[in-house]
Structure formats: structure tokens, C-alpha cells
Trainee: 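Got a structure for you, written out below as C-alpha cells; questions coming shortly.
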2 protein chains.
Amino acid sequence: MQTKRQIELVEAAIRVTANDGIQKLTIRNVASAIGVSEAAVYRHFASKHELLQAILVHLDSLLAPQFATLHASQGSYKEALTKFINDLFTLLEHNTAFTLMLFAEETFNVDIQLKPQLDALLSGNLKQLAKFYTDAIAEKRCRADLKPIELAMITFGTIRLYVSRWHMQDQPTNLMDYAAPVTASLSTLFSLQ
Amino acid sequence: MQTKRQIELVEAAIRVTANDGIQKLTIRNVASAIGVSEAAVYRHFASKHELLQAILVHLDSLLAPQFATLHASQGSYKEALTKFINDLFTLLEHNTAFTLMLFAEETFNVDIQLKPQLDALLSGNLKQLAKFYTDAIAEKRCRADLKPIELAMITFGTIRLYVSRWHMQDQPTNLMDYAAPVTASLSTLFSLQ
DNA sequence: TGTACGTTAGTAATCGTTAACTTACTCTGG
DNA sequence: CCAGAGTAAGTTAACGATTACTAACGTACA
């Protein structure tokens, strides 16, 4: 159960990390990001570890609905995948901080105790993707010579690398410009001949 | 030009980072990893920034030959890709610290001044992969409806995610067990011969 | 009156870095 | 051949800044 203030702190922490990297995710920086003292943070989180945990929960709650859209779609496999990637990229482009969502396991491997949660987060997302492909294969809308989990790994891995490259560019470009190629490539590869 | 001691320090730094995360990459930890004082480190690197730069150079020198094997092969393109992935996974499995190679841009985005080098490292690897696919397409041994750079992104993104998951597992499993599925999936998708 | 939420002002530990000094080796002139 | 100068590479001991965290206290509001 999260209070308003806790959510504010978590969002501030995500902003700090996305802007300046995990090294700058300090209690001091989070506190000053919402204009309070360091000690005030400890009124809401008992330790930095608990703040990190809350960040992961928050990121998961943002990412999960995105993956849920995969199943909600009524159209063809290609349309569903297109909508998923478009929605995801729009979200990431609108708020760069959300980029952290995709790379949580890379970023937060600081606190060894968070490992199980990080693993669960990634595994959950992959499972959703795999389920999407399982359905697509069952309905003969997707090639069946690869396992759903393999299709999911390829999809997620590819998306991550595109986002990673976009995030690394100097001049800010449109992530959406990348969306079309990714969708086109994957749906071309995975569709039935 | 690197001295022996510099290389020792860089290798120690890579070990520290791979084991405990970038937060633990401190001069103190690197120094004690080779059994000297902190001040001794500064006899070989003027600053932590220079150590970080040297790490990137080192990682690149390890990874570049791996990518070079793509072009050296005499057999089919499928065999070349198989050999590349097998060699890469063997290397990563043999020395877990090398896993950092694949995720350098994620790990070392601490020092903003390193960004150009990180970008160059990733771009260089992708360019090698793209060249491989360019050749394969030219000889009609790979599907031609995707651009080489897209094939390269998919390949590298997929490899990274497999390695990432393997690296995150609790009980140590064999990375090599994933090599065959990855190779099979990509060859099938790309009609690589 | 008590609880929620803030403050100031500290703590010990750790960060990157430097100063001053020691040790061991090599090069060079008489 | 060998004294002495120079240098490479280590040491201890500190520096100011920053880390996560805490104790004691103030204040608004039910």
C-alpha cells in the first residue's frame, strides 16, 4: 500500500535515475527533487532498500498494462504487435524516465537483495509476450516453427536494443521513427508465408 | 599504450564491476583486489575517469576479435553465425566478468564523458554484424526483405537478452545450452544458409 | 493530546584524490 | 667498477565532499 507522498518520492527517484544514472540515485538527490530534506524521506521509507523496492513495484505497475494491451487487441497478429510497440514507444518517448522500465535488471543490480524481484519483473513481461505468441500460433496467425518463448525473447531483445540506441543518441530524435522498422521487421519475420 | 600493471588494474576493475555492480567499482576496491594501496592506483591512472576509459578500451579489444570471426569463416553463413555465437558464449561462460562487454553502454553510463566511446563501441559491433548480413544477402544466402542493420539489431538484441537472463539466474546453468536454440532460431528466421 | 510530517544538526563510513616519504632498480660519469 | 643521480612504484596519512542514516525537536491538525 502506497501513500501519495511515497509515490511522489518514487517518481522523483525514477526521474533522478533516468537523468543522471544509478550513481546519482541518492537520498539527498531524491529529497531535493521534491524540495524536502533528506530526513523527510525517512518518514516515508525506512531505508534506501525499501525505496528501491518501491521503485521496482512502480515500474512494474507501469509496464504491466502495456503488455496487457497485447491480448486485448481484436485485430490481426500484425495489428496487435504494431499497437503494442507503438503504445510502448509513445510512452517511452513521452517520458524518458520510463526507459528505466525496460532496463530495470541492468540498472538496479546494485542491491543484491533485489535480484529476485528483478528476475520476476523480466520473467513476467516475457511470459506475457510468450502468451501472445502462443495464441497467435494457435490461431495460425504466426509461424509455428519457433517456440513462443523464443519469439518473445527475440521481440523483447530487439525492442530493448532499439530503445537503448535511441536513448544513447546525442541529439534527441523521435523514438517513434524507430517504431515502424521494428514492427515491420518482426511482423515480416514472424508472419506465415 | 598500456603497461602490464595497467592491464592488471583494468582486469581487476572488470572483475569488481561484474561481481558487485558499478556502485562497487571504487578505487579502494580495485586497489585491494590486486593487493595494493589506493594511492598506488594513481601511479598508473591519473584519475578514475582514465581507469574507466581504459576499461572500455580493454573490453573492446576482447569483443572485437569475436566479431571478426564472423568474416573469417570459410563455410556457410549459417556455420559462421553458429561459430560466432558458440565462441562468444564459451568466452562469456568461461569468464563471467566478460559479460560486461555486451552491456558496456548500460553499465558505464555513469561518466557522461564516456558516452561517445560507449556509442562507438556498440556501433562498431553492430556494423560488423551488418556487414556479415550484407555479404550473406549479396550471395543470396539470407532473406533480402530486411535491411542488414535490422538483421544485426535483431541478432545482437536477442543475444544480449539471452545472456542477460542467464547472468541473472540463481543457480549457475550452462550458457552454452542456449547457443543452439539462438542459432537455430535466427538461422530459421533469416533463411540463413 | 497525539499523530503525521517536517526541520536542523549531527553520526560513522566511504568516496576520489593528494602530499610526503620510502624502496628498489637503472643509467651515467669518473 | 662503482658512487650518485634519476625514476618507477609502492607506502601511510591525511583532505574535503558525500554517503545512508538518526536523534531531537517543531508544528499543524484530528
Side-chain angles (χ1 to χ4, degrees), chain A residues 1-58 100 107-115 117-118, chain B residues 1-58 100 107-115 117-118:
Chain A
M1 197 58 61
Q2 301 262 64
T3 66
K4 275 183 196 169
R5 204 52 161 165
Q6 281 178 318
I7 295 172
E8 280 180 52
L9 283 164
V10 164
E11 287 173 345
I14 291 174
R15 257 180 280 128
V16 167
T17 310
N19 287 337
D20 304 321
I22 189 71
Q23 297 265 50
K24 292 290 176 64
L25 178 56
T26 64
I27 301 294
R28 182 171 304 193
N29 289 342
V30 173
S32 74
I34 65 163
V36 296
S37 66
E38 296 172 60
V41 175
Y42 286 90
R43 293 281 167 215
H44 305 277
F45 292 102
S47 64
K48 187 179 180 181
H49 175 74
E50 289 201 5
L51 174 62
L52 290 172
Q53 277 188 306
I55 291 173
L56 291 186
V57 171
H58 192 75
L100 269 190
T107 307
F108 293 99
N109 69 350
V110 207
D111 188 338
I112 190 96
Q113 300 183 48
L114 293 176
K115 214 176 149 187
Q117 279 173 262
L118 293 169
Chain B
M1 199 56 64
Q2 302 261 66
T3 67
K4 274 183 195 170
R5 205 55 161 160
Q6 281 177 319
I7 294 173
E8 281 181 51
L9 283 164
V10 164
E11 287 173 345
I14 290 174
R15 258 180 279 129
V16 168
T17 310
N19 288 336
D20 304 322
I22 189 73
Q23 297 264 52
K24 291 290 175 62
L25 178 55
T26 63
I27 300 294
R28 187 162 307 189
N29 289 342
V30 173
S32 73
I34 66 164
V36 296
S37 66
E38 298 170 60
V41 175
Y42 286 89
R43 293 282 167 214
H44 304 279
F45 293 102
S47 63
K48 186 178 179 182
H49 175 76
E50 288 200 5
L51 173 61
L52 290 173
Q53 278 188 309
I55 291 173
L56 292 186
V57 169
H58 191 77
L100 269 189
T107 307
F108 293 99
N109 69 350
V110 211
D111 187 337
I112 189 98
Q113 300 182 50
L114 293 176
K115 213 175 147 184
Q117 278 173 264
L118 294 169

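Protein chains get the first letters and strands the later ones, always in sequence-line order, with residue 1 at the start of each.
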Trainee: Near DNA chain D, under 4.0 Å by heavy atom, which residues of residues 11-26 of chain B?
Mentor: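 Those residues whose heavy atoms fall under 4.0 Å from DNA chain D, taken from residues 11-26 of chain B, amount to none.
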Trainee: How far does the helix from C:dT1-D:dA30 to C:dG30-D:dC1 bend, going by the axes of its first and last five pairs, to the nearest 10°?
Mentor: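 If I round to tens, the end axes sit 0° apart.
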Trainee: Return no unless some side-chain N or O of A:His44 is found under 4.0 Å from OP1 or OP2 of C:dG6.
Mentor: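 Yes, because at least one side-chain N or O of A:His44 sits under 4.0 Å from OP1 or OP2 of C:dG6.
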Trainee: Quickly work out the A:Tyr42 OH to C:dA4 C1' distance and round it to whole Å.
Mentor: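 Value for this atom pair: 19 Å.
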Trainee: Please compare A:His49 and B:Val41 by the position of their nearest nucleotide in DNA chain D and report the one closer to 5'.
Mentor: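 With A:His49 and B:Val41 compared, the 5'-side residue is B:Val41.
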Trainee: B:Ala39 has a side chain; which of C:dT17, C:dT18, D:dC21 sits nearest to it?
Mentor: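 Nearest to the side chain of B:Ala39 among the choices is C:dT18.
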Trainee: Please confirm whether the backbone N or O of B:Lys24 pairs with a side-chain atom of B:Asn29, one donor and one acceptor, at under 3.5 Å?
Mentor: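 Side chain of B:Asn29 to backbone of B:Lys24: a pair is present.
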Trainee: Taking only side-chain N and O atoms of B:Arg28, does any of them lie within less than 4.0 angstrom of OP1 or OP2 on C:dG16?
Mentor: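 Answer no for this pair, as no side-chain N or O of B:Arg28 is under 4.0 Å from OP1 or OP2.
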Trainee: To the nearest 0.5 Å, how far apart are CD in A:Gln6 and CD in A:Glu50?
Mentor: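 The distance works out to 8.5 Å.
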Trainee: Verify, without hydrogens or angle tests, whether B:Gln117 (side chain) and B:Leu114 (backbone) share a donor-acceptor contact under 3.5 angstrom.
Mentor: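 No; zero donor-acceptor contacts below 3.5 Å.
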Trainee: Measuring from the side chain of A:Arg5 (C-beta onward, heavy atoms only), which nucleotide among D:dA20, C:dG6, D:dG10 has the closest atom?
Mentor: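 Closest nucleotide among those given: C:dG6.
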Trainee: A:Ser37 has a side chain; which of D:dA13, D:dC21, C:dT7 sits nearest to it?
Mentor: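 Closest nucleotide to the A:Ser37 side chain: C:dT7.
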Trainee: Nearest of C:dT7, D:dG10, C:dT17 to any side-chain atom of B:Ile27?
Mentor: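 That would be C:dT17.
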Trainee: B:Lys48 NZ to C:dT18 P: how many Å, rounded?
Mentor: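 Spelled out: NZ on B:Lys48 to P on C:dT18 is 14 Å.
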